[in-house]
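These notes concern the structure reproduced below.
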Amino acid sequence: MCYPLSVHSNRWIAVRLEFVGSAIILCAVLLAITAAVNSDVDAGLNGSYALNTTGSLVSRHRYCEAEKNVVSAERIVHCAKELLSEVPHELLDKKPSCEWPTVGQVQFREYSAKYRPELDFVLKDISLTNMSAHNLLEISMKTGICGRTGAGKSSLLLALFHIIESSGTISIDGVDITQIGLHDLRSSISMAPQSPDL
């Protein structure tokens with residue numbers, strides 16, 4: 001998906017650079033002609049400098065493109081060497097039932113999380129339980145999380161999907177989500193994001 005966008009943006013900037021270079025050549029030629037009539041300025045020298053302008057602009061663009069490609073490779077190497085792997089997608093001995101979750105009771109017990117080991121906690125010692133459902137009316141109830149920007153609402157959702165590493169436990173219908181496979185967890189629950197991307 002990103003590659004066609006990169007190609008289109010490169011073509012877009014190449015056309016504009018050629019246009020800017022052509023405009024500079026036109027101005028230089030007009031000024032050289034005007035100056036040649038009134039003075040002894042070498043029109044050929046001015047023209048050759050003007051012609052080099054387009055090549056310089058295009059070569060700078062190629063340098064930027066090469067640097068972008070090197071940075072992409074550098075990031076891939078960084079991710080391959082230094083990122084910790086997630087828990088397995090499936091743990092056959094700890095697989096939840098096919099109907100899980102049925103009630104939707106979520107319980108956080110002394111839960112803390114941070115995005116990277118060197119950063120401060122974004123969630124710290126959270127213990128809460130949403131309402132336990134005892135009949136069909138309560139099963140359809142919704143739980144809302146309110147708070148200011150930066151209060152940790154999105155971080156709680158990321159914690160439910162086991163995207164950020166943490167300490168403490170989160171249970172959904174009595175099943176500790178840190179003890180089951182990622183595929184079993186993420187295929188059983190869903191989230192409507194704040195800013196959806198199409």
Side-chain angles (χ1 to χ4, degrees), residues 1-6 8-9 67-198:
M1 180 180 161
C2 295
Y3 183 71
L5 294 175
S6 175
H8 292 319
S9 63
E67 184 178 357
K68 181 186 76 169
N69 292 335
V70 169
V71 168
S72 299
E74 184 182 7
R75 287 182 181 164
I76 290 171
V77 169
H78 170 74
C79 290
K81 285 185 177 179
E82 298 183 17
L83 285 183
L84 299 173
S85 61
E86 293 184 312
V87 296
H89 285 280
E90 288 191 51
L91 296 171
L92 297 176
D93 56 336
K94 297 180 179 177
K95 208 165 179 60
S97 66
C98 296
E99 296 83 25
W100 178 84
T102 53
V103 177
Q105 181 185 26
V106 180
Q107 183 176 23
F108 287 81
R109 284 192 294 268
E110 297 179 3
Y111 183 81
S112 299
K114 54 171 101 175
Y115 286 99
R116 288 199 308 266
E118 66 271 11
L119 296 178
D120 294 334
F121 285 103
V122 290
L123 301 171
K124 191 171 183 182
D125 295 330
I126 293 181
S127 295
L128 63 92
T129 305
N130 71 336
M131 178 185 283
S132 176
H134 297 294
N135 57 45
L136 285 175
L137 180 64
E138 290 182 358
I139 288 176
S140 63
M141 293 182 73
K142 297 175 178 61
T143 302
I145 301 171
C146 303
R148 297 183 51 153
T149 302
K153 304 179 296 295
S154 299
S155 299
L156 275 176
L157 288 177
L158 293 177
L160 280 176
F161 283 87
H162 201 191
I163 293 175
I164 54 179
E165 292 301 322
S166 58
S167 62
T169 59
I170 302 174
S171 300
I172 300 176
D173 287 356
V175 176
D176 184 358
I177 65 170
T178 61
Q179 301 299 316
I180 62 174
L182 287 181
H183 176 72
D184 295 327
L185 170 67
R186 294 175 183 171
S187 62
S188 300
I189 60 177
S190 60
M191 169 179 68
Q194 263 175 299
S195 51
D197 299 320
L198 297 179

Is any side-chain heavy atom of [X] closer than 4.5 Å to a side-chain heavy atom of [Y]?
{"X": "Arg186", "Y": "Ile163", "value": "yes"}
{"X": "Val106", "Y": "Leu128", "value": "no"}
{"X": "Trp100", "Y": "Ile180", "value": "yes"}
{"X": "Leu182", "Y": "His162", "value": "yes"}
{"X": "Phe121", "Y": "Ser112", "value": "yes"}
{"X": "Pro101", "Y": "Ser188", "value": "yes"}
{"X": "Phe108", "Y": "Asp125", "value": "no"}
{"X": "Ile170", "Y": "Asp176", "value": "no"}

Exercise. Answer yes or no: is there an ion pair linking Asp184 with Lys95, defined by an N-O contact shorter than 4.0 Å?
Key: yes

Give, for atom [atom1] of [X] and atom [atom2] of [Y], the distance between the pair rounded to the nearest 0.5 Å.
{"X": "Ile172", "Y": "Leu185", "atom1": "CD1", "atom2": "CG", "value": "6.0 Å"}
{"X": "Ile164", "Y": "Ser155", "atom1": "CD1", "atom2": "OG", "value": "5.0 Å"}
{"X": "Thr178", "Y": "Lys94", "atom1": "OG1", "atom2": "NZ", "value": "8.5 Å"}
{"X": "Arg109", "Y": "Gln107", "atom1": "CZ", "atom2": "CD", "value": "4.5 Å"}

Self-check item: Listed partners of Ser166 passing side-chain hydrogen bond (donor to acceptor under 3.5 Å, both in side chains), at least two apart
Solution: Tyr111

Exercise. Mind running side-chain contact (heavy atoms from CB on, under 4.5 Å) on Ile126 and Leu156 for me, showing each step along the way?
Key: CA-CA 10 Å; Ile126 293 181; Leu156 275 176; 4.2 Å; yes

Quiz item: Around Lys124, counting heavy atoms of other residues, nucleotides and ligands shown, do more than 12 lie under 6.0 Å from its NZ?
Solution: no

Quiz item: Can you name the nearest heavy-atom pair linking Glu110 to Ser127, along with the distance?
Solution: N-OG, 2.9 Å

